[in-house]
2 protein chains.
Amino acid sequence: MRSSIAQEIQYPCQYDDGIFNIAIDIGGSLAKVVFSPIGSNRILFHTVETERIDKFVRLLHSIIESYHGGDYSTTQITATGGGAYKFYELLSKEFANVIQIKRLDEMECLIKGVDAFIHEIPDEVFTYNDQDGAQNVLLPNGSAHSPKTYPYLLVNIGSGVSILKVENAETFSRVGGSSLGGGTLWGLLSLITGAQTYDQMLDWAHDGDNTNVDMLVGDIYGTDYNKIGLKSSNIASSFGKVFQNRRGSLSKSTTTASNSASSTTSHADIAARNKKFKNPDVCKSLLYAISNNIGQIAYLQAKIHNVQNIYFGGSYIRGHLMTMNTLSFAIDFWSQGRKQAFFLKHEGYLGAMGALLSA
Amino acid sequence: MRSSIAQEIQYPCQYDDGIFNIAIDIGGSLAKVVFSPIGSNRILFHTVETERIDKFVRLLHSIIESYHGGDYSTTQITATGGGAYKFYELLSKEFANVIQIKRLDEMECLIKGVDAFIHEIPDEVFTYNDQDGAQNVLLPNGSAHSPKTYPYLLVNIGSGVSILKVENAETFSRVGGSSLGGGTLWGLLSLITGAQTYDQMLDWAHDGDNTNVDMLVGDIYGTDYNKIGLKSSNIASSFGKVFQNRRGSLSKSTTTASNSASSTTSHADIAARNKKFKNPDVCKSLLYAISNNIGQIAYLQAKIHNVQNIYFGGSYIRGHLMTMNTLSFAIDFWSQGRKQAFFLKHEGYLGAMGALLSA
């Protein structure tokens, strides 16, 4: 499902001043760490769920032990993301012996990180759509295939969405965002399907047929709606078939009667619903809905700010082909081919990478 | 919960040519009928769910019987919405004896209807926000309180969303839309909560606390994120707490082990989840998420098209105060007070009203 992501890349980023820098980016859902062992010319990447902050702290200790001989006195931590503030006391206590724990602004780190990935790291940026049938890897800036990068929009999709306009490496602003992000997709899907992992939901999405739950233009019109350019296969209403068809599903329930006025739901009702609306179909529909919506908002912001290139980053994407294809499709559909979506192989590590480079 | 909507208004719209005009607008979820009994100076409004098209057909027959003495030969039906096409054969068979069934374009009817409601019908247009604490009824165009109407944006929220830019009564275009509309809210909520009616879900939304499922800026940062103007109470990720907290919820399940790799979900798991994430909280969160999202997209389109006034119509709104407040808040928040949201008492009947006036 997911393209292989190097958890380690070759890149000479460490000054040999004897200081071991560890950069962390603690978001709402995921905590990321990026570091470069002294003298190694490598960068290593790891992720832990933020709710398991104790595990993340143990990982940081083990990194200092394994890659720097446990020498806390020549180790420095640079921290960004909301968790750099929320967990500052915990980090200060756990890592009392490091040189310092330096807190850096999230947006500044994001931009520094994405700029480095775009301009410095080879084979990092790519376009994707399923017409090409494959990732289309772009070479670093300066090559024949590279886009003119500035100005660009960075759409960072984590638990929520932030949209930043980047004029150049020094000048940027947050122009918008959305609360409908990765947290919304995984939260709603885990409520409905009971899935325990991201990969389970992505696997289901791959196998699903969204037209069993989505209301298409053709379901309303019987045909295309040519006058305004909508095809019968366009999605008119995500999940639009569900409430409409609820009676059919519930009449099949042969067990105890539903008590829909109670604020808990009978198991028999939910079982009947789940039989009618299958997890794979639900997963594909919501993945389409959230990705399309982010793509549309990104396009509208790009239009308002007169920007041609849109980079999608953040842990929501997870290198998942269907997600990238939907984001690409949305940009292409709304802009009528005038704007271009780009992706990054290390999309989840923009902030942490920026923090490392700021050290 | 819902402000009272007159199912009948005083309005002289019928030419006395002896023809009884019935206007219908069949959408993806709801079928609407609007008519004016000859010589009555009244307009009457009714709605039936589209899935119960047989009931809608019986309603139309009974209207012809009750208000026009069953005289089909002097009755004309004007029909709009996708169902005017999808159900044309059924309607032609059922109403073979009427003068004609005239099909009219949905967008043209919407504009004709909203223009009539804005300019002709007294006490129809209002603003709403909970700071005012009440609806703020505006008088018809020409009064001191009326807005300069043209150009305006019409955001029609039914199963899905259509956004139209109206330059004047004759000139308009569909500038955008979204598949995240009423069908998405009711579909997802009925999947999760088992609710059987709109009113049940709206009642729950009224009693809920969305902060039990939404991830706030304060949940990530521990404080405000002042640098980019986000308060700790702002929603960073709708449903962002759900996937994060799934382990806690499922470990409470004392019955059979979950099998998350299966494409059906164990009842015990869902019961445990439903205990942790309550229906009222889920309903409020999703109502906020969908309404905020529509408000944001409407604002971005208004900015792109340089339009000041945004009218919200369509059956999604249902006169529900929390919905209108959220739409108003979104327009105010994103535009920093520069754009204004307006509502219509007969918000669900714009297309049907336009079809009646086209007769």
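By convention in this document, chain letters (A, B, ...) are assigned in the order of the sequence lines, proteins followed by strands, and residues within each chain are numbered from 1. All heavy atoms count here, side chains included; hydrogens, waters and symmetry mates do not.
- Looking at S159(A) and S237(B), their side chains never bring a donor and an acceptor atom within 3.5 Å of each other.
- Of all the listed residues (W186(A), Y225(A), Y85(A)), the one sharing the greatest number of non-hydrogen pairs under 4.5 Å with chain B is Y225(A).
- For I290(A), no part sits under 4.5 Å from any heavy atom of chain B, backbone or side chain.
- For L286(B), the part sitting under 4.5 Å from any heavy atom of chain A is the side chain, from C-beta outward, and nothing else.
- N293(B) CG to N293(A) CG: the interatomic distance, rounded to the nearest 0.5 Å, is 4.0 Å.
- Q296(A) contributes a side-chain N or O that, together with a main-chain N or O of G177(B), makes up a donor-acceptor pair within less than 3.5 Å.
- Here the shortest heavy-atom pairing between L180(A) and A289(B) reads CD2-CB, 3.8 Å.
- Residues M201(A) and F243(B) form a side-chain contact, since some pair of their non-hydrogen atoms from C-beta on lies under 4.5 Å apart.
- Here the closest non-hydrogen pair linking T184(A) and F239(B) is CA-CB, 4.2 Å.
- Interface check for chain B: of the options S162(A), G240(A), G28(A), the most heavy-atom pairs under 4.5 Å are formed by G28(A).
- You'll find the side chain of T50(A) stays beyond 4.5 Å of the side chain of I220(B), heavy atoms only.
- Top candidate by heavy-atom pairs under 4.5 Å with chain B, chosen from G81(A), G183(A), S238(A), G176(A), is S238(A).
- Using a 4.5 Å cut-off between heavy atoms, A236(A) contacts chain B through its backbone alone, with no side-chain atom that close.
- Neither the backbone nor the side chain of V213(B) comes within contact range of chain A; no heavy atom of the residue lies under 4.5 Å from a heavy atom of that chain.
- In this structure a side-chain-to-backbone donor-acceptor pair under 3.5 Å is missing from Q301(A) to L300(B).
- Side-chain atoms of K303(A) never come within 3.5 Å of backbone atoms of I304(B) as a donor-acceptor pair (strictly under, hydrogens ignored).
- Both the backbone and the side chain of Y198(A) come within contact range of chain B, with heavy atoms under 4.5 Å apart.
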